[in-house]
Amino acid sequence: PAANRNLVLLQYKMRDSYAVFLSHPGSFNDLAEGLTFYANKRGQNGSLQGILIHDVRRPEMGVTTMAATGQVVDSGGQPRMIIFNGRRQEFDRTTGRLSELAFDQYVLDLDALRNTSSRRLPDPREQTVIELLNPSPEMIRARGPVSRFWGELHSRCATPFLSFSYAMIALASVLAGAFTRHGMTGRILMGAGAIIVTQTTFMTLSGKVSSASELAFSLYAVALLPAFFGMAFLSGDFLPPRPLLPRFFP
């Protein structure tokens, strides 16, 4: 769960990174719904030239900011853009009035400009066992019924058994049966196919357990049955005979 949470946080960080949006000069980038950013080209030291920011998130008050150059800086962990030699125009649609402000230097708080929410509810696969057993009402409203959390819990508990089953499938594929000089390509392919079928069936049932809790038993059965079949092959008379050792003593 901790690894999944860190991975998702990294994905969100990369997706929301302004370096990604601002690294494509010559194209219009939608930073948010109704907020468009454009830069003509990139100058020296990572500066941007020919900047246009069009904000129509409030339809009654459109704001357009134009600047000759700009630079993105990190101030205390908060991204800010300093733009130089530009104009800021506000158009009030209710009155039809256009207000214009010329500036030599203007600072834009990108987080405030984008108006993103800093709090994100984790997905069930990112939660701990305690959190899955006791989901908050907010999580239930945002992530679905309680059965989804139970489905994730069953999937998490059954997954470790797959490692043992895969090991038994591999051992049975290699050790069971008579020795042949033609190699074991067929056995290896059969073992790989059995692992693929087991994994596919397990993943399919994992997605259905969240909506049908009665399938939880079948999830554990799929994870454990290959191990029992592998041990049955290995414990029978299917093992190849041991190679004869040279006799050094009469």
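Basis for what follows: all heavy atoms, side chains included, without hydrogens, waters or symmetry-related copies.
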Exercise for review: Ignoring hydrogens and angles, tell me if any N or O in the side chain of Arg88 forms a donor-acceptor pair with the backbone of Ala102 under 3.5 Å.
Suggested key: no
Check your understanding: Quick check: does any side chain N or O of Ser155 sit under 3.5 Å from a backbone N or O of Gly151, one acting as donor and the other as acceptor?
Key -> no
**Study point:** Chi angles and distances behind the side-chain contact (heavy atoms from CB on, under 4.5 Å) call for Asp92, Thr95
**Key:** CA-CA 6 Å; Asp92 191 342; Thr95 62; 3.4 Å; yes
If you compare all heavy atoms of [X] against all heavy atoms of [Y], which two are closest, and at what distance to 0.1 Å?
X      : Y      : value
Ala67  : Ile83  : CB-CB, 3.6 Å
Leu162 : Ala223 : CD2-CA, 3.8 Å
Ala221 : Pro226 : O-CD, 4.3 Å
Ile169 : Gly191 : CG2-O, 3.6 Å

Checking [X] now: which residues fulfil side-chain hydrogen bond (donor to acceptor under 3.5 Å, both in side chains) with it, not counting sequence neighbours?
X      : result
Gln49  : none
Glu100 : Arg87, Gln89
Ser173 : none

Study note, to complete from the structure: side-chain hydrogen bond (donor to acceptor under 3.5 Å, both in side chains) pairs touching residues 192-201, sequence neighbours excluded, are Tyr166-Gln199
Review point. How would you list, by chain and number, every residue that makes a salt bridge (Lys or Arg N to Asp or Glu O under 4.0 Å) with Arg97, sequence neighbours excluded?
Key: none
Gap separating the [atom1] atom of [X] from the [atom2] atom of [Y], nearest 0.5 angstrom:
X      : Y      : atom1 : atom2 : result
Leu224 : Phe164 : CG    : CZ    : 9.0 Å
Leu215 : Thr204 : CG    : OG1   : 11.5 Å
Leu175 : Met168 : CG    : CE    : 9.5 Å
Met66  : Asn85  : CE    : CG    : 13.0 Å

Say whether [X] and [Y] are linked into one hydrophobic cluster, either directly or through other cluster members, by side-chain heavy-atom distances under 4.5 angstrom.
X      : Y      : value
Leu98  : Leu52  : no
Leu35  : Leu108 : yes
Leu205 : Leu132 : no
Phe84  : Val107 : yes
Phe149 : Val129 : yes

Would you say [X] and [Y] make side-chain contact, with heavy atoms under 4.5 Å?
X      : Y      : result
Val56  : Met61  : no
Val197 : Ile195 : no
Phe37  : Leu48  : yes
Thr69  : Ser47  : no
Leu133 : Trp150 : yes

Review point. Tell me the ring pair (Phe, Tyr, Trp, His ring centres under 6.0 Å) pairs involving residues 196-232, sequence neighbours left out?
Key: His154-Tyr220
Check your understanding: Centroid-to-centroid, Phe103 to Tyr106, below 6.0 Å?
Key -> yes
Practice item. Output yes when Glu152 and Arg148 qualify as a salt bridge under the 4.0 Å nitrogen-oxygen rule, no when they do not. Key: no
Check your understanding: Quick one: do the His54 and Thr64 side chains pair a donor with an acceptor below 3.5 Å?
Key -> yes
